[in-house]
Trainee: 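Just dropping this structure here.
Worth saying up front: this structure is predicted, and the values here are computed from it rather than measured.
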Amino acid sequence: MDYSIKEISERLRIPASTLRYYEKRGLIGPLRRSTGQVRVFSEEDLKLLQIIQCLKRTGMPVEEIREFVGLIRQGDATLEQRTALFEHHKAQIEHQIEQLQENLAVLERKMKLFNTPAK
């Protein structure tokens, strides 16, 4: 199935300008064009965009996402490299989670102090 930029934008809840930016930065594409030079997205493009959005939500920088997409395009010979990239990113996320949990604990302690009646 083929999709227009509007359909992809609505489906993924991201602006069309972001999709054009992704194409310009080499994260997707090159996209097919209709006879009127309108971008045409395939089912494969949609799946890749879903992965890209997931990686962006985890805080992966655009350059690392582009590296990952490049590895995908090279095929299964890059599975080890992709795994290493994800393992590195996973470690960063786990570190961020630890920091957030520590910060949350501090906030909770402070809130308890705020709610303790003054003597």
Trainee: Under a 3.5 Å cutoff, is there a donor and acceptor pairing between the side chains of Gln53 and Tyr22?
Mentor: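 Note: Gln53 and Tyr22 side chains meet the donor-acceptor criterion.
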Trainee: How long is the straight-line distance from CD of Glu67 back to CG of Leu71, given to the nearest 0.5 Å?
Mentor: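 Those atoms lie 5.5 Å apart.
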Trainee: Looking at Arg13, I want to see if its CZ is surrounded by more than 12 non-hydrogen atoms of other residues, nucleotides or ligands under 6.0 Å.
Mentor: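 Counting neighbours around CZ of Arg13, 12 or fewer heavy atoms of other residues, nucleotides or ligands fall under 6.0 Å, so no.
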Trainee: Can you give me the closest heavy-atom contact between His89 and Thr58, atom names plus distance?
Mentor: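 Minimum heavy-atom separation between His89 and Thr58: NE2-OG1, 2.7 Å.
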Trainee: Quick one: CD1 on Ile28 to CD1 on Ile65, what's the gap to the nearest 0.5 Å?
Mentor: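 The CD1 atom of Ile28 sits 12.0 Å away from the CD1 atom of Ile65.
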Trainee: Applying a strict under-4.5 Å side-chain criterion to I, L, V, M, F, W and Y, I'd like to know whether Leu46 and Val40 cluster together.
Mentor: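 As far as the 4.5 Å side-chain criterion goes, Val40 and Leu46 are not connected within one cluster.
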Trainee: Grab the two heavy atoms, one from Glu64 and one from Leu85, that are nearest each other, plus how far apart they are.
Mentor: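 Shortest heavy-atom separation between Glu64 and Leu85 comes out as O-CD2, 3.9 Å.
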Trainee: So does Lys112 pair up with Glu108, basic N to acidic O under 4.0 Å?
Mentor: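 Salt bridge between Lys112 and Glu108, a charged N being under 4.0 Å from a carboxylate O: no.
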Trainee: Find out whether Val69 and Arg73 are in side-chain contact, i.e. whether some heavy atom of one side chain is under 4.5 Å from a heavy atom of the other.
Mentor: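 In contact.
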Trainee: Taking only residues at least two apart or on different chains, which pairs with a member in residues 66-87 satisfy ring-ring contact (aromatic ring centres under 6.0 Å, His included)?
Mentor: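 Residue pairs passing ring-ring contact (aromatic ring centres under 6.0 Å, His included), neighbours aside: Phe68-Phe86.
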Trainee: Step by step, would you call Ile97 with Ile93 a side-chain contact (heavy atoms from CB on, under 4.5 Å)?
Mentor: CA-CA 6 Å; Ile97 290 170; Ile93 292 170; 3.9 Å; yes
Trainee: Checking Arg32 against Asp2 for the side-chain contact (heavy atoms from CB on, under 4.5 Å) test, could you report, in this order, the C-alpha distance in whole Å, the side-chain angles of both residues, the deciding distance, and whether it holds?
Mentor: CA-CA 10 Å; Arg32 285 190 345 234; Asp2 290 338; 2.7 Å; yes
Trainee: Got more than 12 heavy atoms from elsewhere within 6.0 Å of CD, Glu80?
Mentor: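 No, the 6.0 Å shell around CD holds no more than 12 heavy atoms from other groups.
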Trainee: Is there a donor-acceptor pair under 3.5 Å between the side chain of Ser9 and the backbone N or O of Ile14?
Mentor: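 Between the backbone of Ile14 and the side chain of Ser9 there is a qualifying donor-acceptor contact (under 3.5 Å).
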Trainee: Run the salt-bridge test on Arg66 and Glu63 with the 4.0 Å N-O cut-off and return the result as yes or no.
Mentor: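 Judged by the 4.0 Å cut-off on N to carboxylate O distance, Arg66 and Glu63 do form a salt bridge.
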Trainee: Mind checking whether Tyr3 and Val38 sit in one hydrophobic cluster, side chains of I, L, V, M, F, W, Y counted as touching below 4.5 Å?
Mentor: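 They do not share one cluster, since no chain of ILVMFWY contacts under 4.5 Å joins Tyr3 to Val38.
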Trainee: Spell out, yes or no, whether Met1 and Ile8 are grouped together once hydrophobic residues are joined by side-chain heavy atoms under 4.5 Å, including indirect joins.
Mentor: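 Yes, same cluster.
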Trainee: Would a 4.5 Å heavy-atom cut-off, applied to side chains only, mark Glu94 and Lys90 as touching?
Mentor: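 When only atoms from C-beta onward are counted, Lys90 and Glu94 do touch, with a gap below 4.5 Å.
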Trainee: Compare all side-chain heavy atoms of Ile5 with those of Arg20 and state whether any distance is below 4.5 angstrom.
Mentor: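 Counting from C-beta outward, Ile5 and Arg20 do come under 4.5 Å.
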Trainee: Please check this pair: side chain of Glu7 against backbone of Ser4, looking for a donor-acceptor N/O pair closer than 3.5 Å.
Mentor: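 At least one qualifying donor-acceptor pair exists.
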Trainee: Kindly work out whether a path of hydrophobic side-chain contacts (I/L/V/M/F/W/Y, heavy atoms less than 4.5 Å apart) joins Met60 to Tyr21.
Mentor: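 Both belong to a single hydrophobic cluster.
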Trainee: Considering only heavy atoms from C-beta outward, does the side chain of Asp45 approach that of Leu48 to under 4.5 Å?
Mentor: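 With C-beta onward as the side chain, the pair stays apart.
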Trainee: Under 4.5 Å between any side-chain heavy atoms of Arg11 and Phe41, yes or no?
Mentor: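 Heavy-atom side-chain distance check fails, nothing below 4.5 Å.
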Trainee: Check the pair Arg82 / Asp76 against side-chain contact (heavy atoms from CB on, under 4.5 Å), numbers first and verdict last.
Mentor: CA-CA 10 Å; Arg82 286 186 256 170; Asp76 288 348; 4.1 Å; yes
Trainee: So if I apply the side chain to side chain contact (heavy atoms under 4.5 Å, CB included) rule between Leu12 and each of Ile52, Thr18, Leu49, which one comes out positive?
Mentor: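 The single option meeting the side chain to side chain contact (heavy atoms under 4.5 Å, CB included) with Leu12 is Leu49.
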Trainee: Tell me, do Leu107 and Asn103 make a side-chain contact under 4.5 Å, heavy atoms counted?
Mentor: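 The answer is no, as the side chains (C-beta and beyond) never meet within the 4.5 Å cut-off.
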